[in-house]
Amino acid sequence: MAGLRIEHLYKRYENSGKKKSVQNDYAVKDLNLVAEQGEFIALLGPSGCGKTTTLRMTAGLEDITKGEIYIGDTLVNNLHPKDRHIGLAFEDYAMYPPLTVYNNIAFNLKAKGVDKAEIDKRVREIAPLMQCDDLLDKMPVKLSGGQKQRVNIARAIIRRPELLLMDEPLSHLDGKARQAMRTEIKRLINDIKCTTIYVTHDQLEAMSLADKIAIINFGVLQQYGTPAEVYDDPVNEFVASFIGEPPMNILETTIRGKGDHFVFTFDGSNLEIEVPKRYNNVVKDGFKCKMGVRPMDVLIGGPDSKGTSEEVATFENLGDERRIGIHVGETLLMLITDAETRYKQGDIIKLEVRGEKTHLFDLESGDRIREK
Ligand SMILES: Nc1ncnc2c1ncn2[C@@H]1O[C@H](COP(=O)(O)OP(=O)(O)OP(=O)(O)O)[C@@H](O)[C@H]1O
């Protein structure tokens, strides 16, 4: 049984003509997505791409323009939010300030008329899971951002939802608290095994938490797959450059024949990178496209390296890794190294690129060009 099934979902806001960022007037366009029972799905994409709209339609907080949403086997298009068996944890904590944490967590069960003893049992079950047992007597105003978020999530899961919907739940937290909460969410979801849809624009969060990631741009699903699939096998330039930090290097290139193989060449640079042989059937001398390569697949060669000599344009020391930028024509090619050497602008290094790790993208559409 699918935890959630979305079929040909569209959303058009009536006033969207005024919003420049909605391409073709649709905030969500022909979205299809299946989350299996118990799966953790991240909806990932830039601001305004339609993630929250999708979540709100799933929750029943926003009308659907066209399409179907099933939770389990039930078509929920016309069901009231309270009848959808969902738990909601949105970025604003939306707690009731005059109520203690206990009463905030218990609120929805009380409203449903669940008896007192059962409510108490459930609050005391959930509180340790979300590490808020010592907060139960506190008032919301006394809580830190991380604590509020834990209570917020406890409120969402106390109803034992079939589907947990989370919208940027970590966005108010700073770096360390964010990391800690991320780990807690992962542990929690493993414990309660609830199908979860999690909205974020943070690719690291999506990569570390999700079983599958739906990457959306301008309301259109670009790719839906496991973190490894979207990282290693991106379907287009958008996905390739959205996933990974620092992002994949993408450079315009002209392919040239060289003996029995082809090389990527770049305007204004001597750099040449071997095109993987598997592309021999799709490229030819003079073929123009974009080449993508991840910064960790660009290496600094040793003294005997046959790589090209290049000048360091930028150097950043980030503690556990160092980032070097090299001008290739007008584009900055980034590489990451864990070597201790500190470079400075103008230093010469030998550059080696792992040709076998390169991807090809269509110059116009950005679609991945695949071997035949
Ligand atoms: N109530 C509304 N009326 C009109 N347009 C809206 C409304 N809500 C959202 N939009 C538009 O729909 C598009 C998708 O918005 P949505 O909030 O779903 O994106 P998002 O990916 O969640 O963005 P963010 O990460 O910034 O929250 C945006 O262009 C937005 O301006």
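Each ligand, and each atom within it, is numbered from 1 in the order the structure gives. Along the sequence shown, residues are numbered consecutively beginning with 1.
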Please tell me whether T53 and Y13 have a donor and an acceptor in their side chains that are separated by less than 3.5 angstrom.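 A donor-acceptor contact under 3.5 Å links the two side chains.
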Taking side chain to side chain donor-acceptor pair (under 3.5 Å) as the definition, give me every residue that meets it alongside E245, ordered by chain and number, with sequence neighbours left out.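 Testing E245 for side chain to side chain donor-acceptor pair (under 3.5 Å), a comparison that skips the adjacent residues, returns R323.
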Would you call C49 a ligand 1 contact, heavy-atom distance under 4.0 Å?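 Right, C49 reaches ligand 1.
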Report yes or no: does P46 have a heavy atom closer than 4.0 Å to ligand 1?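 Contact present.
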I'd like to know if K212 pairs up with E229 as an ion pair, taking the criterion as any Lys NZ or Arg NE/NH1/NH2 lying under 4.0 Å from an Asp or Glu carboxylate oxygen.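 Looking at E229 together with K212, the answer is no, because their closest N to O distance does not fall below 4.0 Å.
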Taking only distance into account, with no hydrogens and no angle test, what donor-acceptor pairs under 3.5 Å do side-chain atoms of residues 329-345 form with protein atoms, sequence neighbours excluded?
residue : atom : partner : partner atom : Å
T337    : OG1  : A339    : N            : 2.9
K344    : NZ   : D347    : OD1          : 3.2

With heavy atoms under 4.0 Å as the rule, classify the contact between K51 and ligand 1 as side chain, backbone, both or neither.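 For K51, backbone and side-chain atoms both sit under 4.0 Å from ligand 1.
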Per-atom contacts, ligand 1 versus T52 - under 4.0 Å to a heavy atom: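 The list of qualifying atoms is 17 (O), 18 (O), 20 (P), 22 (O), 27 (O).
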Quick check on contacts: which atoms of ligand 1 are under 4.0 angstrom from a heavy atom of T53?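 Heavy-atom distances to T53 below 4.0 Å select 14 (C), 15 (O), 16 (P), 18 (O).
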Ring centres of F40 and Y198 under 6.0 Å apart?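 Centroid distance F40-Y198: below 6.0 Å, so yes.
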Minimum distance, heavy atoms only, to atom 28 (C) of ligand 1: which one of G219, G45, G48, G50 is it?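 Checking each option, the heavy atom nearest atom 28 (C) of ligand 1 is found in G48.
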